[in-house]
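Note sheet for the following structure.
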Amino acid sequence: MTVAHKPRTGGPAAGRRSPLPPESAHGRPRAGRRRTITALTPWLFLAAPLTLLLMFTFLPVADMIGYSFTDWDGISPSRSFVGGENYTDLVTRPARFEVFLVSGFYLVASFLQIALALYFATVLSFNTRFRNLFKGLLFFPYLINGVAVGFVFLYFFQPDGTLDTLLRLIGAEGKHLWLGDPDLANPSLAGVSVWRFMGLNMVLFLGAIQSIPPYLYEAAELDGANRWQQFRHIIAPSIKPIISLSFILAVSGSLAVFEIPYIMTGGANGTETFVIQTVKLAFQFDKVGLASASAVVLLLLILLVTWVQRRLFPEERVELS
């Protein structure tokens with residue numbers, strides 16, 4: 001019996017896997033160097049902003065915390081360590097915290113500001129005539145410097161000034177001490193803050209609304225939904241994170257009001273806020289240590305309020321489908 005053998009078609013190396021080309025001596029170091037550069041590239045871009053953040057935010061905060069444990073007057077080169085005496089002084093004087101009642105006016109004004117901003121953002125997100133003009137007019141006050149806003153409204157609120165003249169046109173006679181009457185001063189100043197900051201919230205809401213897919217509105221219109229129903233069931237749920245952020249900024253901003261009341265009244269007639277009180281402690285009474293303790297307390301209070309708000313209204317991921 002003869003067994004037939006098939007001839008091999010290849011040479012002696014047939015069926016063997018061809019060896020890989022030898023790696024160059026510099027291959028691995030170059031690959032490692034490339035990975036190192038790739039890992040360091042984001043930090044190179046972040047170096048400048050992180051340096052500025054460290055120099056102008058974290059280091060000053062650290063210095064402020066250090067000053068809060070001293071009796072430094074802001075002038076003398078020497079200062080003595082007093083421990084928690086400044087914090088004890090703050091806690092044992094409730095009058096220092098009564099100024100937070102003034103923040104209530106600005107808190108109410110902030111809620112009104114958010115409501116108006118949400119209304120205008122919703123209206124201007126649809127096809128409204130001259131909507132770009134109205135967007136610019138409503139956002140323009142936020143672009144004006146706060147000092148300029150304060151001086152403009154000083155003339156606006158003068159007795160027998162612009163506001164009294166406008167009220168006279170609708171039959172409201174008499175002169176009003178808008179900034180001199182304690183019952184009118186804080187609502188007047190809070191109204192200025194509404195005028196100035198409403199445009200910022202409107203732009204935030206407008207950007208969030210414009211990110212909603214148009215087919216959701218088309219489907220709602222096919223189902224017969226009116227504008228209010230579209231706002232209630234489409235717009236409001238879709239921009240809920242931005243609304244939550246606006247409330248956090250409103251509460252923290254109302255606690256740290258400074259610019260407008262300081263320029264327009266200097267804290268007189270019951271308009272003094274916690275920040276104005278802190279500035280006076282530092283620069284009028286030369287108690288930088290006590291003022292630093294006040295600033296630390298305000299910082300902790302804002303962080304606490306923000307944390308509580310985050311716990312009560314956790315951030316939710318909105319799925320647009």
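Treat the numbers as computed from the prediction; the structure is a model and nothing was measured.
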Within a reach of under 6.0 Å around OH of Tyr262, are more than 12 heavy atoms found that belong to other residues, nucleotides or ligands?
no
Whether Phe100 and Phe274 hold their rings parallel, tilted or perpendicular, with breakpoints at 30° and 60°
parallel
Mind checking whether Ser292 and Ile65 have side chains closer than 4.5 Å, heavy atoms only?
no
Roughly how far apart are Leu304 CG and Leu300 CG, rounded to 0.5 Å?
8.5 Å
Are Val194 and Leu124 linked, directly or through other ILVMFWY residues, by side chains that come within less than 4.5 angstrom of each other?
yes
Could you tell me if the side chain of Asn269 sits less than 4.5 Å from the side chain of Asn186, heavy atoms only?
no
Do the side chains of Ile114 and Phe205 get nearer than 4.5 Å, heavy atoms only?
yes
If you draw a 6.0 Å radius around CD in Gln230, do more than 12 non-hydrogen atoms from other residues or ligands fall strictly inside?
yes
Output for pair (Leu303 CG, Leu298 CG), nearest 0.5 Å, gives 9.5 Å
Phe153 vs Trp195, test: ring pair (Phe, Tyr, Trp, His ring centres under 6.0 Å). Steps then yes/no.
CA-CA 11 Å; Phe153 276 91; Trp195 179 83; 5.2 Å; yes
Does a side-chain heavy-atom distance below 4.5 Å link Arg96 with Asp89?
yes
The remaining residues in the hydrophobic cluster of Val108, counting side-chain heavy-atom contacts under 4.5 Å among Ile, Leu, Val, Met, Phe, Trp and Tyr, are none
Rounded to the nearest 0.5 Å, what's the gap from CG on Asp71 to CG on Asp286? Could you check?
12.0 Å
Check this for me: does any side-chain nitrogen of one of Arg168 and Asp160 sit under 4.0 Å from a carboxylate oxygen of the other?
yes
May I ask you to decide if Leu290's main-chain N or O and Ser294's side chain share a donor-acceptor pair within less than 3.5 Å?
yes
Modelled atom types, side-chain donor and acceptor of Ser103 and Ser254, under 3.5 Å
no
How long is the span from the CD atom in Gln277 to the CD atom in Glu272, to the nearest 0.5 Å?
5.5 Å
Taking transitive links into account, so neighbours of neighbours count too, which hydrophobic residues share a cluster with Leu50 at under 4.5 Å side-chain distance?
Trp43, Leu46
Hey, is CZ on Phe283 packed in by over 12 heavy atoms from elsewhere, all under 6.0 Å?
no
Under 3.5 Å, is there a donor on one side chain and an acceptor on the other for Ser68 and Tyr87?
yes
Does Ile212 belong to the same Ile/Leu/Val/Met/Phe/Trp/Tyr cluster as Val123, with side-chain heavy atoms less than 4.5 Å apart forming each link?
no
So Glu259 and Arg196, do their side chains get closer than 4.5 Å, heavy atoms only?
yes
Lys/Arg N to Asp/Glu carboxylate O, Arg93 vs Glu98, below 4.0 Å
no
Keeping the roles fixed (side chain from Asp223, backbone from Ala225), state whether a donor-acceptor pair exists under 3.5 Å.
no
How about Phe111 and Phe247: are their ring centroids closer than 6.0 Å?
yes
Tell me whether the rings of Phe134 and Phe130 are parallel (<30°), tilted (30 to 60°) or perpendicular (>60°).
perpendicular
What is the distance from atom CD of Gln309 to atom CG of Leu245, rounded to the nearest 0.5 Å?
10.0 Å
Check whether NZ of the Lys or CZ of the Arg Arg227 lies under 6.0 Å from the centre of the six-membered ring of Phe126 and within 45 degrees of that ring's axis.
yes
Between His176 and Asp181: side-chain donor-acceptor atoms closer than 3.5 Å
no
The reported gap from CD1 in Ile260 to CZ in Phe197 (rounded to nearest 0.5 angstrom) is 5.5 Å
What I'd like to find out is whether the side chain of Asn145 reaches to under 4.5 Å of the side chain of Val149, using heavy atoms alone.
no
May I ask whether Val305 and Ile248 are part of the same hydrophobic cluster, defined by side-chain heavy atoms of I, L, V, M, F, W, Y residues being less than 4.5 angstrom apart, directly or through others?
no
Any chain of hydrophobic side-chain contacts (each under 4.5 Å) joining Val61 to Leu53?
no
Heavy atoms, side chains only, cut-off 4.5 Å: are Gln158 and Trp178 in contact?
no
Can you check whether Leu177 reaches Pro159 side chain to side chain, under 4.5 Å on heavy atoms?
yes
Any chance OH of Tyr142 has more than 12 other-residue heavy atoms, nucleotides or ligands included, within less than 6.0 Å?
no
